[in-house]
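Below you'll find the structure, written out as structure tokens, and then a few comments.
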Amino acid sequence: MAAALGLLWLWALCGLGSSGGRPVSPSPGQRREVEVSEQELSSLSEQLYQADQNRAGAGDIVLQLQQDTGSELGGDTDCATQRLFSYVAEERLFSQPTFSTFLALLDNYDEVTGHQETVTAEEEEEQEAFLSAVFQTRVMATLTTFFLSKGLYPSQEAFRADLREMWFGLYSRSSGRALDSSGFEHVFHGEIKKGKVSGCHSWVQLYSLERSGHLNYLSYSYDGPWVTFPDVLALRYLWDGHPKAVGSTLMGSSPEFDLALYTLCYRARPDRQCHVSLGGEAATIQTYSWADSSYGDNQRYVASAYPLTP
């Protein structure tokens with residue numbers, strides 16, 4: 001994708017630091033895993049990819065990747081003279097129900113860990129609106145059919161209820177001082193913990209932050225082999241001065257695709273690497289569960305989910 005996106009190269013040597021934030025260590029035995037073979041994972045992820053009708057098309061997103069800093073160390077050095085996003089077709093993409101309801105969720109969170117999250121009645125309605133939109137898509141219908149065929153849930157309603165708990169249920173990243181986090185907040189919105197960015201794996205959130213002047217793009221370290229969207233991108237940036245030493249995102253995907261793919265991997269390969277296929281190209285998703293609290297019958301919340309990059 002790099003050549004098609006009109007890269008502007010900056011030849012000064014810049015680099016990457018270590019990742020901000022650390023996922024929770026695995027906690028075995030917290031829930032029954034769905035038995036999914038590697039072949040099934042590959043086939044189902046391709047089905048999700050093909051079903052993603054709402055993803056960005058050619059020309060919908062134009063990036064200025066600029067300097068590839070690889071794995072060299074360079075701290076917070078700014079190697080980009082321009083923004084990451086040169087153009088996003090907001091009218092076409094963000095008017096779609098899953099995008100518009102997703103965007104409505106992004107102002108519901110206090111990104112600083114240790115600050116209590118309070119979910120208002122309006123915010124609960126926004127969560128329901130997002131899930132309603134998601135469950136009307138071919139992407140989520142494909143995943144639902146698969147999970148029901150495996151006997152993991154008795155009905156779509158049961159799956160939806162569990163998905164809401166695992167992603168939106170609150171837990172504490174501050175040693176119990178406050179219910180300050182959720183899987184959705186961490187993965188799709190992002191958090192500031194100990195002065196560094198943690199999570200924040202949604203390209204829509206990255207765009208929103210940069211558009212509003214809160215994100216300073218520094219460089220990238222990986223641009224995947226995909227020539228259409230979604231692509232996998234690893235990048236460095238500052239969020240209101242707080243560094244993300246290396247973060248990854250599925251660039252150009254729809255919110256329902258991200259949610260479905262991460263949920264598949266969380267249920268099929270929790271706390272370890274999940275090998276999938278997207279448009280004929282191999283990708284790996286890493287998920288983690290939250291080990292310090294649970295819901296229902298000792299079920300674990302999502303702690304993190306993101307695409308791995310070299």
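Numbering starts at 1 and runs along the sequence shown. Computed from a predicted structure; not experimentally measured.
Between V246 and A234, the closest heavy-atom pair is CG2-CB, 4.4 Å. Contact detail for G176 and S172: the closest heavy-atom pair is N-OG, 2.9 Å. Scanning both residues, V62 and G59, for their nearest heavy atoms gives CG2-O, 4.3 Å. Of all heavy-atom pairs spanning H186 and A303, the tightest one is CD2-O, 3.1 Å. Minimum heavy-atom separation, A178 to S174: N-OG, 3.3 Å. Of all heavy-atom pairs spanning A129 and T101, the tightest one is O-CG2, 3.9 Å.
In this structure, R83 contributes its side chain and Y217 its backbone to no donor-acceptor pair below 3.5 Å. Side-chain atoms of E210 come within 3.5 Å of backbone atoms of L84 as a donor-acceptor pair (strictly under, hydrogens ignored). R173 contributes no side-chain N or O that, together with a main-chain N or O of T113, makes up a donor-acceptor pair within less than 3.5 Å. For Q96 (side chain) and L93 (main-chain N/O), a donor-acceptor pair under 3.5 Å exists by modelled atom type. Between the Q64 side chain and the F85 main chain, no donor and acceptor come within less than 3.5 Å of each other. For the pair D68 (side chain) and Y222 (backbone), a donor-acceptor distance under 3.5 Å is absent. In this structure, S42 contributes its side chain and Q39 its backbone to no donor-acceptor pair below 3.5 Å. Under the 3.5 Å distance criterion, the side-chain polar atoms of S289 are left unmatched by any main-chain donor or acceptor of V302. Of the possible polar contacts, one joining the S149 side chain to the F146 backbone as a donor-acceptor pair under 3.5 Å is found. Judged by distance alone, with hydrogens and angles left aside, the side-chain atoms of E256 form no donor-acceptor pair with the main-chain N or O of V134 at under 3.5 Å.
The distance between the ring centers of F188 and W167 falls below 6.0 angstrom. In this structure, Y301 has its ring center no closer than 6.0 Å to that of F168. Taking the centre of each ring, Y266 and Y288 stay at or above the 6.0 Å mark.
Residues L264 and Y262 are not in side-chain contact: their nearest non-hydrogen atoms beyond the backbone lie 4.5 Å or more apart. Considering only heavy atoms from C-beta on, D271 stays 4.5 Å or farther from T287 through its side chain. By the 4.5 Å heavy-atom criterion applied to side chains, Y306 and I285 are not counted as neighbours. In this structure, E111 and H242 have side chains that are not in contact, with every pair of non-hydrogen atoms separated by 4.5 Å or more. Residues E191 and W239 form no side-chain contact, since every pair of their non-hydrogen atoms from C-beta on lies 4.5 Å or further apart. Here the side chains of L235 and L206 are in contact, with some heavy-atom distance below 4.5 Å. Side-chain contact between D60 and V88 is absent, with no heavy-atom pair separated by less than 4.5 Å. Side chains of Q66 and T81 form a contact here, defined as non-hydrogen atoms less than 4.5 Å apart.
The hydrophobic cluster containing M166 does not contain L179, counting ILVMFWY residues as joined when their side-chain heavy atoms lie under 4.5 angstrom apart, directly or transitively. Residues L131 and L170 are members of separate hydrophobic clusters, defined by side-chain heavy-atom contacts under 4.5 angstrom among Ile, Leu, Val, Met, Phe, Trp and Tyr. Using a 4.5 Å cut-off between side-chain heavy atoms of Ile, Leu, Val, Met, Phe, Trp and Tyr, with links allowed through other members, V187 and L106 fall into the same hydrophobic cluster. Note on L163 and Y153: same hydrophobic cluster, where clusters join Ile, Leu, Val, Met, Phe, Trp and Tyr whose side-chain heavy atoms are under 4.5 Å apart, directly or indirectly.
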Given salt bridge (charged side-chain N to carboxylate O under 4.0 Å, His left out), test R160 with E128 step by step and report yes or no.
CA-CA 10 Å; R160 175 172 165 168; E128 277 299 315; 2.5 Å; yes

Pair V276, L44 - check side-chain contact (heavy atoms from CB on, under 4.5 Å), show working.
CA-CA 8 Å; V276 299; L44 183 59; over 6 Å; no

Could you check Y49 against F229 for ring pair (Phe, Tyr, Trp, His ring centres under 6.0 Å), going step by step and ending with a plain yes or no?
CA-CA 10 Å; Y49 175 87; F229 296 111; over 10 Å; no

side-chain contact (heavy atoms from CB on, under 4.5 Å) evaluation trace for K196 with I192
CA-CA 5 Å; K196 297 181 180 180; I192 307 298; over 6 Å; no

Residues Y171, Y295; criterion side-chain contact (heavy atoms from CB on, under 4.5 Å); working and verdict:
CA-CA 10 Å; Y171 52 82; Y295 67 92; over 6 Å; no

Worked verdict on Q127 versus L105 for side-chain contact (heavy atoms from CB on, under 4.5 Å)
CA-CA 7 Å; Q127 291 176 8; L105 296 172; 4.1 Å; yes

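Put simply, CD1 on I61 and CG on L63 are 6.5 Å apart, with the number rounded to the nearest 0.5 Å. Annotation: the span from T144 atom OG1 to M140 atom CE amounts to 6.0 Å, rounded to 0.5 Å. Taking OG1 of T145 as the start and CD of Q47 as the end, the distance is 9.5 Å to the nearest 0.5 Å. The CG atom of D162 sits 13.5 Å away from the CD atom of E157 when rounded to the nearest 0.5 Å. The CD atom of E185 lies 7.5 Å from the CG atom of D180; values are rounded to the nearest 0.5 Å. To the nearest 0.5 Å, atoms OH (Y237) and NZ (K244) are separated by 5.5 Å.
Under the 3.5 Å distance criterion, with hydrogens and angles disregarded, no donor-acceptor pair is assigned to the side chains of H201 and T249. If you check the side chains of R236 and S219, you find a donor sitting under 3.5 Å from an acceptor. Side-chain contact of E46 with S277: a donor-acceptor pair under 3.5 Å is present, judged by distance alone. Judged by distance alone, the side chains of Q299 and S294 never bring a donor and an acceptor atom under 3.5 Å apart.
The cationic group of R164 does not satisfy the cation-pi geometry with F130, failing either the under 6.0 Å distance to the six-membered ring centre or the 45° limit from the ring axis.
In summary, E35 and R267 do not engage in a salt bridge, as defined by a charged side-chain N under 4.0 Å from a carboxylate O.
Ring-plane geometry between H189 and Y109 is classed as tilted, the angle between the planes lying from 30 to 60 degrees on a 0 to 90 degree scale.
In terms of the side-chain contact (heavy atoms from CB on, under 4.5 Å) criterion, A282 has no residue partners (sequence neighbours excluded).
Around atom CZ of R92, more than 12 heavy atoms belonging to other residues, nucleotides or ligands sit under 6.0 Å away.
Listed by first and then second residue, the salt bridge (Lys or Arg N to Asp or Glu O under 4.0 Å) pairs that reach into residues 135-146 come to none, sequence neighbours excluded. Every pair passing disulfide (SG to SG under 2.5 Å) that includes a residue from residues 249-310 is listed here, sequence neighbours excluded: C265-C274.
A side-chain contact (heavy atoms from CB on, under 4.5 Å) with S248 is found for exactly one of S221, P307, C200, namely P307.
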